[in-house]
Amino acid sequence: MQSATLAQQGTRSRPPHTRLARLRAVPGATWARLGFAALCAGALVGYFAFPTYPTYDSFYALLWGRELLHGHLPDFSVYRAPTEHPLAIAYGALCALFGQGGARLVVLGSIASFVALTAGLFRLTRLCFGPLVALLAALLMLTRLFDANLAAQGYLDLTYVALIVWATALEVERPRRGTPVFVLLAAAGLLRPDAWVLAGVYWLWCCWPAVVRAGRGRSVPTRRTPEGRESAAQPEPSPRRLLGYLALVASAPLVWVACDTLVTGDPLYSLHSTAVLAAELERTQGFTAVLAATWRYLVRIDKLPVVLGGLAGAALAVWLTPRRARVPLAVLVLLLGVYVAEGASGASVIDRYMMGAAALLLPFCALAIGGWSLQLPGSALRRVWMAGGAALILYAAVAAVSVTSLSNARTTLAYHDDFHEGLAAALHAPAVRAELARCPLLSLPDNKLIPDARWILDTTGQRDIVARSEARADAEAGVYTLTDRIARDSVAVYPLGAAVFQEAIVDVGDDPLDQVPLPGFRRIYTSRYYAVYGNC
């Protein structure tokens, strides 16, 4: 009887081990798909939980896309217009097909790009350093609140970074892969010119074997994949194929130049306007200042523990697995170099332009934390590495607790939604619509609310929506045309309360007098965030 009881107890104790064994037997690809499905579901929940609207640059892409749909050339010369990006305008035209709902579709596209970026980092890191390190890299990406916040506000910079990361992953998977990588880099080059350099360097990389071994007949060699498997290496591309690759490299800058020429008549309009605006907004810096900004923005995006971990992981990768690390490390160095070169030459030096380099640093930080999984079990290096990785996690957790505030992030997103909806309610109020019908000129504090107002009012130009900061600047230069128009017959919007202190609404360089209603104006509408005056 006792033996039977013990046998029954043993039988009961086996199912948990059996379930654990079954879980371990599930292929890694299945877990990756389940994780991706969960990530998509979480992104959709966030999309509906925080109904934010596009930010300044994305709104202009949407407006320019709508102008194309209406048969008009987009107006790139409006007051403080952002740099136009051909792919963003094309996507804006697609979203504009859905009317006022197109603004939310821009945000959805940015959130989808964040999901694609996370998946791309997982794929890239798994190919280079294995599944555990890949999981850590994906988790690091998901905890970068800087990127997540920009995704929720419709920034298209995330699309550019996702394209770069996936191009890198495809190249790691099959060296000198060619066309798919060039296509992704060309798409990225329609969002930021940085990708032009990456595409050009990659073309030279694809040409190198043909240059070195020109005229030598040889059999197709084998190569060892990052997972350790033998496979046939890519044959050297023919001269005809290399010319096709070169066409893909040139496609992005040619499309950009063609767009500028067609709309403005100046093939280099984007370059010229960007330089002028950067100087006007005081975003230009010298070489030393750019280097300091590079470090500061990396820390702002990734946080100091992750940056330090990334640098340590890069050193470890070069020491232990140089072949696995060479492609992502080369892309990281190129992105940093391009950022410094552009900044030193007079381009805008802002944090968003560092997002590509910051993303490529995450796999190396993940390696610093979990690279012990690549070492032999029981080895001294594995034990020391595990201790170091645990210490880095603890440091990052303590630092995150001290500087991270999810409530502040939620408040910022809520304000972003409230400000846009509040402006829509103000401009659609019967008294305001009646006043605009009598005198259609609308003035706003500065340039920041202009794209919102244009989208809400469904205008195809900016002639009747102006910034008081522009009128003030013209008056200081001795030109009073815009000032006279505003003072004569117009409707004026003034932020109130919390909106006055939000960078998305007003600028630190705005004159306080721009917030004072002019003589003869009467208040016709008041809400929590806006007051509207008219003198018609």
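Using a cut-off of 4.0 Å between Lys/Arg side-chain N and Asp/Glu carboxylate O, Asp446 and Lys448 are scored as not salt-bridged. Salt bridge Arg485/Asp464: present, at least one basic N to carboxylate O contact under 4.0 Å. At a threshold of 4.0 Å, the pair Arg454-Glu67 counts as salt-bridged, since one of the basic side-chain nitrogens sits closer than that to a carboxylate oxygen. A salt bridge does not link Arg176 with Glu171: none of the charged nitrogens is closer than 4.0 Å to a carboxylate oxygen. In this structure, Asp458 pairs ionically with Arg66, as a charged nitrogen and a carboxylate oxygen lie closer than 4.0 Å.
Considering only heavy atoms from C-beta on, Pro193 comes within 4.5 Å of Trp256 through its side chain. Using a 4.5 Å heavy-atom cutoff, the side chains of Val299 and Trp295 are in contact. Contact check for Pro495 versus Pro445: side-chain heavy atoms found under the 4.5 Å cut-off. When side chains are defined from C-beta on, Pro180 counts as touching Leu170, because their heavy atoms get closer than 4.5 Å. Using a 4.5 Å heavy-atom threshold, the side chains of Val115 and Phe36 count as touching. Taking the side chain as every heavy atom from C-beta outward, Pro74 and Val263 approach each other to under 4.5 Å. In this structure, the side chains of Pro363 and Val133 stay at 4.5 Å or more apart for every pair of heavy atoms. Inter-residue side-chain proximity for Leu442 and Ser490 is flagged as unmet; no heavy-atom pair is nearer than 4.5 Å.
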Please determine whether side-chain contact (heavy atoms from CB on, under 4.5 Å) holds for the pair Ile301 and Arg144, giving the CA-CA distance in whole Å, both sets of side-chain angles, and the decisive distance to 0.1 Å. CA-CA 7 Å; Ile301 298 170; Arg144 297 311 93 197; 5.5 Å; no
Please assess Leu441 against Val466 for the test side-chain contact (heavy atoms from CB on, under 4.5 Å), listing each intermediate value before the final yes or no. CA-CA 8 Å; Leu441 183 65; Val466 298; 4.0 Å; yes
Between Tyr353 and Tyr297, is the side-chain contact (heavy atoms from CB on, under 4.5 Å) condition met? List the steps. CA-CA 9 Å; Tyr353 296 168; Tyr297 293 154; over 6 Å; no
Go through the steps for Glu173 and Arg126 under the test salt bridge (charged side-chain N to carboxylate O under 4.0 Å, His left out), then give the verdict. CA-CA 10 Å; Glu173 189 174 45; Arg126 181 178 61 81; 5.6 Å; no
Before you tell me yes or no, could you show the steps for Tyr525 and Val493 under side-chain contact (heavy atoms from CB on, under 4.5 Å), namely the whole-Å CA-CA distance, both residues' side-chain angles and the distance that decides it to 0.1 Å? CA-CA 9 Å; Tyr525 176 86; Val493 176; over 6 Å; no
Going through the checks in order, is the side-chain hydrogen bond (donor to acceptor under 3.5 Å, both in side chains) test met by Trp455 and Gln100? CA-CA 8 Å; Trp455 179 256; Gln100 288 294 310; 3.2 Å; yes
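Minimum interatomic distance between Leu332 and Ala357 (heavy atoms only, all atoms of both residues): CD1-O, 3.3 Å. Residues Phe364 and Gly310 share a closest heavy-atom pair of CB-O, 3.4 Å. Pairing each heavy atom of Leu444 with each of Ala453, the nearest pair is CD1-CB, 4.0 Å. A pairwise comparison of heavy atoms in Ala162 and Ser113 identifies CB-O, 3.7 Å as the closest pair. The heavy-atom pair separating Val165 from Gly120 by the smallest distance is CG1-C, 3.5 Å. Considering every non-hydrogen atom in both Ala199 and Val249, the closest pair reads O-CG2, 3.6 Å.
Between the side chains of Tyr91 and Thr159, no donor-acceptor pair is found at a separation under 3.5 Å. No hydrogens or angles considered: nothing links the side chains of Thr83 and Ser270 as a donor-acceptor pair under 3.5 Å. Looking only at atom types and distance, the side chain of Asp75 has a donor-acceptor partner in the side chain of Ser77 under 3.5 Å away.
Between Tyr533 and Tyr494, the gap from one ring centroid to the other is short of 6.0 Å. Ring centroid separation for the pair Phe76 and Trp64 comes in under the 6.0 Å cut-off.
Taking CZ from Arg352 and CG from Asp157, the interatomic distance works out to 4.5 Å, rounded to the nearest 0.5 Å. With values rounded to the nearest 0.5 angstrom, Asp266 atom CG is found 8.5 Å from Ser273 atom OG. Taking CG of Leu163 as the reference point, atom CG of Leu185 lies at 8.5 Å (rounded to 0.5 Å). Between atom NE2 of residue His85 and atom OH of residue Tyr160 there is a gap of 10.5 Å, rounded to the nearest 0.5 Å. From Leu457, atom CG reaches atom CG of Leu427 across 5.0 Å, with rounding to the nearest 0.5 Å. Separating the CZ atom in Arg177 from the OH atom in Tyr202 is a distance of 8.5 Å, to the nearest 0.5 Å.
Side-chain N or O atoms of Glu435 include none that pairs as donor or acceptor with a backbone N or O of Ile524 at under 3.5 Å. Between the side chain of Thr118 and the backbone N or O of Phe114 there is at least one donor-acceptor pair closer than 3.5 Å. The backbone N or O of Tyr155 sits less than 3.5 Å from a side-chain atom of Ser110, completing a donor-acceptor pair. In this structure a side-chain-to-backbone donor-acceptor pair under 3.5 Å is present from Ser58 to Gly154. Using modelled atom types, no side-chain atom of Thr274 and backbone atom of Leu271 make a donor-acceptor pair closer than 3.5 Å. Formation of a donor-acceptor pair under 3.5 Å by the Thr143 side chain with backbone atoms of Leu140 is found in this model. Not one N or O on the side chain of Arg123 forms a donor-acceptor pair closer than 3.5 Å with the backbone of Trp166.
Taking a 6.0 Å sphere around CZ of Arg33, one finds it holds 12 or fewer heavy atoms contributed by other residues, nucleotides or ligands.
In this pair, Tyr60 and Tyr56 present their aromatic rings perpendicular. The plane angle is above 60°, beyond the 30 to 60° band. Relative orientation of the His420 and Tyr53 rings is parallel, given thresholds of 30° and 60° on the angle between their planes.
When each of Leu329, Leu336, Leu124 is tested with Leu360 by the rule side chain to side chain contact (heavy atoms under 4.5 Å, CB included), just one qualifies, namely Leu124.
With a 6.0 Å cutoff to the six-membered ring centre and a 45° limit on the axis angle, Arg104 counts as a cation-pi contact of Tyr47.
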